[in-house]
Amino acid sequence: MKLFGNWKMAQSRQGAQSFAADASGYRPDPLVESLIFASCLQIPEMMERLKDWSFGAQDCSAELPGPYTGQVSAREISEFGVKDLLLGHSECRAAGQSEELLKRKLERAKEASLRLCYCVGESLQEREEGRLWDCLSRQLENLENCSAEFCIAYEPVWAIGTGKTASLERIAEVHLWIQAKFPKVPILYGGSVKPENSAEIMGLESVGGLLVGTASLKWESLEKILELASLEAQKRRQRAK
Ligand code: 13P
């Protein structure tokens with residue numbers, strides 16, 4: 001079971017330090033892969049404070065290192081000991097990242113041996129106009145010949161930060177459809193995940209983990225989701241025996 005947090009640009013330095021202080025006693029469950037995608041500025045300090053945790057970057061440049069003011073290269077990310085990268089988040093797509101640009105970012109990530117969490121998801125308009133599968137097919141195309149290690153996060157845009165979670169039927173329907181295309185790839189769900197709804201979402205067989213935004217900012221809510229992820233991981237291990 002994967003439990004990934006995405007702090008976006010929403011975590012202050014003080015907030016990150018409080019998180020680290022509160023989480024310092026936690027010993028990660030080997031059955032739950034926990035990781036936080038943090039701002040590149042916060043990652044080194046977080047890695048120092050929470051040595052048992054993994055931290056990933058939220059984006060990388062599509063360019064090789066060179067004269068690109070304001071960008072962060074995949075190579076630099078890996079030089080800091082970071083192994084994971086989030087790509088294709090709908091907030092980055094909304095800010096203008098095209099499939100073509102994401103394809104180049106994927107190449108840079110592969111060269112730097114970064115593992116990817118690649119996000120896909122439809123807008124409300126796309127869903128209402130019956131373009132869900134077209135949208136997902138287009139967004140997943142870049143992964144078809146991708147030789148980097150990756151997992152996929154399905155995050156319907158209309159569920160992100162809105163308090164509206166997709167119904168279990170909808171999540172299962174989309175996850176099974178993605179799974180048919182990428183049979184061996186773990187598929188995470190993201191979009192208004194919180195302690196109250198996380199157990200039932202993780203209870204779906206096709207859900208390989210969660211990508212949590214707002215509820216990952218504070219240790220008290222992430223800890224609850226981590227405990228539920230451990231329970232679900234144990235159930236799955238029992239069933240597999
Ligand atoms: P929320 O959990 O705040 O809806 O954010 C989800 C998300 O975008 C994670 O990448």
Side-chain angles (χ1 to χ4, degrees), residues 1-12 15-16 19 32-40 42-43 46 53-60 77 82 84-97 102 105-106 109 114-127 135-136 139-140 143 150-168 170-171 174-175 178 185-202 204 207-229:
M1 181 64 62
K2 295 183 190 292
L3 185 46
F4 293 175
N6 177 9
W7 282 356
K8 310 188 180 186
M9 204 178 68
Q11 185 67 288
S12 64
F19 179 99
V32 179
E33 194 190 330
S34 48
L35 166 76
I36 289 177
F37 294 105
S39 114
C40 279
Q42 289 173 357
I43 291 173
M46 284 299 109
W53 282 71
S54 297
F55 288 87
Q58 299 175 4
D59 194 9
C60 75
I77 291 168
V82 175
D84 295 276
L85 177 68
L86 191 67
L87 273 187
H89 194 280
S90 66
E91 287 151 13
C92 299
R93 291 175 185 273
Q97 293 190 8
L102 287 168
K105 287 176 188 262
L106 274 167
L114 293 170
R115 283 184 307 227
L116 291 156
C117 178
Y118 197 79
C119 304
V120 297
E122 82 287 4
S123 65
L124 190 57
Q125 192 181 0
E126 283 165 322
R127 182 174 270 276
C135 162
L136 295 177
Q139 294 178 339
L140 288 166
L143 294 178
F150 65 89
C151 64
I152 296 169
Y154 169 56
E155 298 202 297
V157 178
W158 47 270
I160 295 176
T162 57
K164 290 184 198 148
T165 323
S167 68
L168 296 180
R170 280 184 173 184
I171 298 172
V174 173
H175 276 232
I178 299 175
V185 175
I187 305 160
L188 283 62
Y189 170 79
S192 297
V193 171
K194 40 191 182 271
E196 301 77 41
N197 61 18
S198 55
E200 57 182 15
I201 300 172
M202 286 187 283
L204 295 170
V207 170
L210 300 173
L211 180 55
V212 186
T214 313
S216 72
L217 292 168
K218 293 235 163 28
W219 172 243
E220 59 178 305
S221 47
L222 190 64
E223 184 186 22
K224 290 192 186 114
I225 304 177
L226 274 165
E227 281 166 9
L228 296 165

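For clarity, every value in this text was computed on a predicted model and none was experimentally measured. Both ligands and their constituent atoms are indexed starting at 1 by order of listing. When reading the values below, keep in mind they use all heavy atoms of this one structure, side chains included, and skip hydrogens, waters and symmetry mates.
- Counting heavy atoms only, Ser192 comes closest to atom 1 (P) of ligand 1 of the residues Ala215, Ala153, Ser192.
- Phe37 and Cys117 make their closest contact through CZ-CB, 3.8 Å (heavy atoms, listed as atom of the first residue, atom of the second, distance).
- Nearest heavy-atom pair across Val157 and Ser90 is CG2-CB, 3.7 Å.
- Atom 2 (O) of ligand 1 has Gly213 N, 2.9 Å as its closest protein atom, hydrogens excluded (heavy atom only).
- Regarding atom 5 (O) of ligand 1, its nearest protein heavy-atom neighbour is Lys8 NZ, 3.2 Å.
- Nearest protein heavy-atom contact of atom 9 (C) of ligand 1 is Glu155 OE2, 2.8 Å.
- Aromatic ring pairs are classed by plane angle as parallel below 30°, tilted from 30° to 60° and perpendicular above 60°; the pair Trp219 and Trp53 is perpendicular.
- Inspection of the Gln125 and Trp158 side chains reveals no N or O donor paired with an N or O acceptor under 3.5 Å.
- Interface of Thr214 with ligand 1, defined as ligand atoms under 4.0 Å from a residue heavy atom, comprises 1 (P), 2 (O), 3 (O).
- For ligand 1, the polar-atom distance check against Gly191 finds no nitrogen or oxygen pair separated by under 3.5 Å.
- Any N or O atom pair closer than 3.5 Å counts here, and Asn6 shares at least one such pair with ligand 1.
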Exercise. Checking side chain to side chain contact (heavy atoms under 4.5 Å, CB included) for the pair Ile36/Gln11: CA distance, chi angles, key distance, verdict?
Worked result: CA-CA 11 Å; Ile36 289 177; Gln11 185 67 288; over 6 Å; no
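- Among all heavy-atom pairs drawn from Ala215 and Lys194, the shortest one is CB-CA, 4.2 Å.
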